[in-house]
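All values derive from a computational prediction rather than experimental measurement. Below, read A as the first sequence line, B as the second, and so on, with proteins coming before strands; counting in each chain starts at 1. Computed over heavy atoms, backbone and side chain alike; hydrogens, waters and symmetry mates excluded.
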There are 2 protein chains.
Amino acid sequence: MGARGGTVGGQSVEKRSSARQRGTTVYLVWMVSETAGGNGKRSGAGAVRYQKLAAEMRRAIEAGKFGNDGRLPSEESLAEQYGVSRGTVRNALAQLRANGLVTSRRGTRRVILGTARTQSFHELLSFTSWARSLGEEPGARTIHARVRAATAVEGERLQLDPGDDITDVLRLRFLGRVPVMLERTIYPLQVGEAVEALAPDSLSHTGALDASGVVFADSEHTIDIVAADATDVRLLGCAEGTGLLREVRRATDPTGAPLLWSDDRFLPGTVSFTVHNSAAVSSLARRRAPR
Amino acid sequence: MGARGGTVGGQSVEKRSSARQRGTTVYLVWMVSETAGGNGKRSGAGAVRYQKLAAEMRRAIEAGKFGNDGRLPSEESLAEQYGVSRGTVRNALAQLRANGLVTSRRGTRRVILGTARTQSFHELLSFTSWARSLGEEPGARTIHARVRAATAVEGERLQLDPGDDITDVLRLRFLGRVPVMLERTIYPLQVGEAVEALAPDSLSHTGALDASGVVFADSEHTIDIVAADATDVRLLGCAEGTGLLREVRRATDPTGAPLLWSDDRFLPGTVSFTVHNSAAVSSLARRRAPR
DNA sequence: AAGTGGTCTAGACCACGTA
DNA sequence: ACGTGGTCTAGACCACTTG
């Protein structure tokens, strides 16, 4: 593992370690407990009221407990039924709305659209979590994982100065035994150290980071097509120049400091990406590719 | 144009026309005024308080009026400063948060991340609006536009019965004079009639629909790679089997009734798609492609 | 005219981060 | 210990849809 920093898997040395990077503080907490886990979206026990309510209403919708006219009861009656205020009901409904389960429109009852369309924030960041949520067996083979100086471009991507140390990981990812994706990830050194401490064959890096107390707050995913280069050809077994579906993942902590930057290239026909937008809020952007 | 329905461009005949489709009512309002425009996101005059506030804070952020420590004032002081309640401030901030402009984290001030990352809901649906927002000159050539019976698959996509009439449009889209995308769109007949009424060379179909009072409420965008077929080769001028970036757009009205279904194929290197997610809400889903 | 979701207010308490 | 954002409540009025 890297030069400085504490153990991650076992007893941790420090309660917190923060480091400065060009003026911003990297937010990085080492937990004492091994299993305490990060802040995964727990819609069960530890969640607050409106989250539990959202989960409960989700189940009620799936079970068809709101009748079969395809409409939800009014907010007022839901509030009474569940013994909470209307504000809390609206908070819960906003969550279902954001996931595309129900509509909302002034003047009429909410309409039930369907069930579960999007994935949790964590499943989006983690190939392993994603594969498991699909009932597939995720696999990984680490080609290399090393610390080196950042190039100018990489420095910009992680908001570091060129020449600062970064951790550079190249991994081939599988579904079952079939290679589907080649992942090129760089981490700032403070985050990378936690990754390097993992066993070489460990599956989920982001999962381990999350469990180590690294707080993922925002992510940005850019999707386009890229022609396979020599490395892609060698490891994915495709023809030179094949169009690969590329997902560039960027994740930041709550202060906006970059936690990882990754270029993931999928073989054609293995994945697709779906975004849900509502007129109120949209999160997708179509961009012109640079010429 | 089709059999029944009123004029769209000029004086409209009916104030509202709704039709039944397998149990659900299509929500479709014909405006009397020509220019009254749909419900485009007006963050200016007609908007409610928190939307105006969001727009105002957005400008304030861009102008650097909150100091240069990269943090926002507290919600309490913003409420006082703008003369509104904290709830309204939070509503406005939620909008900025959803667009990735600011972070939020219990215990500390909000951090300013950047400016304007995503596009409006309408720009996502409309190639024309999107191109213009980029300063590019959008173009379109209609290959065909006709009414025909829906296949089983198409019926399912538009929640119609197989054999019901649909409007089928094939258009080649340009940026400047360069063809970049081939668009295969189907509309339910009631919506399609408005499209057919347009001049053959009119640019923005979704824009015209929006202006005609068709209310777009939700959309879903699925992105993957598809091999170019004979039609793609002929119109886009690419080689047979080239990997094209495909965006499947689906849009529904506030009741969840489908308004359009479109298969758009972009030449490689012309566009990319970016999604912003926060730990609180995610709208992206990665899916396994069917085998 | 009645019912519904959208907006706004005022106040309270809590969980978390920072000093 | 203090300030911050997150949650929750109770009540009010408005804009819109529907019968």
Output the rounded distance in Å from CD (A:Gln51) to P (C:dA15). 14 Å
Interatomic distance, B:Tyr50 OH vs C:dG6 C1' [rounded to whole Å]: 8 Å
Rounded off to whole Å, could you give me the CG-to-P distance for the A:Leu93 and C:dT4 pair? 14 Å
Hey, is CD on A:Glu76 packed in by over 12 heavy atoms from elsewhere, all under 6.0 Å? no
Between OG1 of A:Thr103 and CZ of A:Arg71, what distance do you get to the nearest 0.5 Å? 10.5 Å
Integer-rounded Å distance: C:dC16 P and B:Arg106 CZ: 5 Å
Could you state the interatomic distance from OH (A:Tyr187) to CG (A:Leu158), rounded to the nearest 0.5 Å? 11.0 Å
Is B:Glu75 salt-bridged to B:Arg110, cutoff N-O under 4.0 Å? yes
Would you indicate what A:Arg86 reaches in the nucleic acid, counting non-hydrogen atoms under 4.0 angstrom: base, sugar-phosphate, or nothing? base
Value in whole Å for how far the C1' atom of C:dG6 lies from CD of A:Glu75: 8 Å
State the OH-OG distance between B:Tyr82 and B:Ser77, to the nearest 0.5 angstrom. 9.5 Å
Separation of B:Asn91 atom CG from D:dG5 atom P, in whole Å? 15 Å
Between A:Val84 and A:Thr108, whichever has its closest DNA chain D nucleotide further toward 5' is A:Val84
Would you tell me if any nitrogen or oxygen in the side chain of A:Arg110 comes within less than 4.0 Å of OP1 or OP2 on C:dG6? yes
Could you work out which one of C:dG6, C:dT4, D:dT7 sits closest to the side chain of A:Arg109? C:dT4
Look at the side chain of A:Arg49 and decide which nucleotide, out of C:dT9, C:dG17, D:dT9, has an atom nearest to it. D:dT9
Can you tell me if the side-chain N/O atoms of A:Thr88 get under 4.0 Å from OP1 or OP2 in D:dT9? yes
Quickly work out the A:Leu78 CG to C:dG5 P distance and round it to whole Å. 8 Å
Please report the distance, rounded to the nearest Å, between CD1 in A:Ile112 and P in C:dG5. 12 Å
Of the candidate nucleotides C:dG5, D:dG5, C:dT7, which contains the atom at the shortest distance from the side chain of A:Ser104? C:dG5
Within less than 4.0 Å of OP1 or OP2 of D:dT18, is there a side-chain N or O belonging to A:Arg105? yes
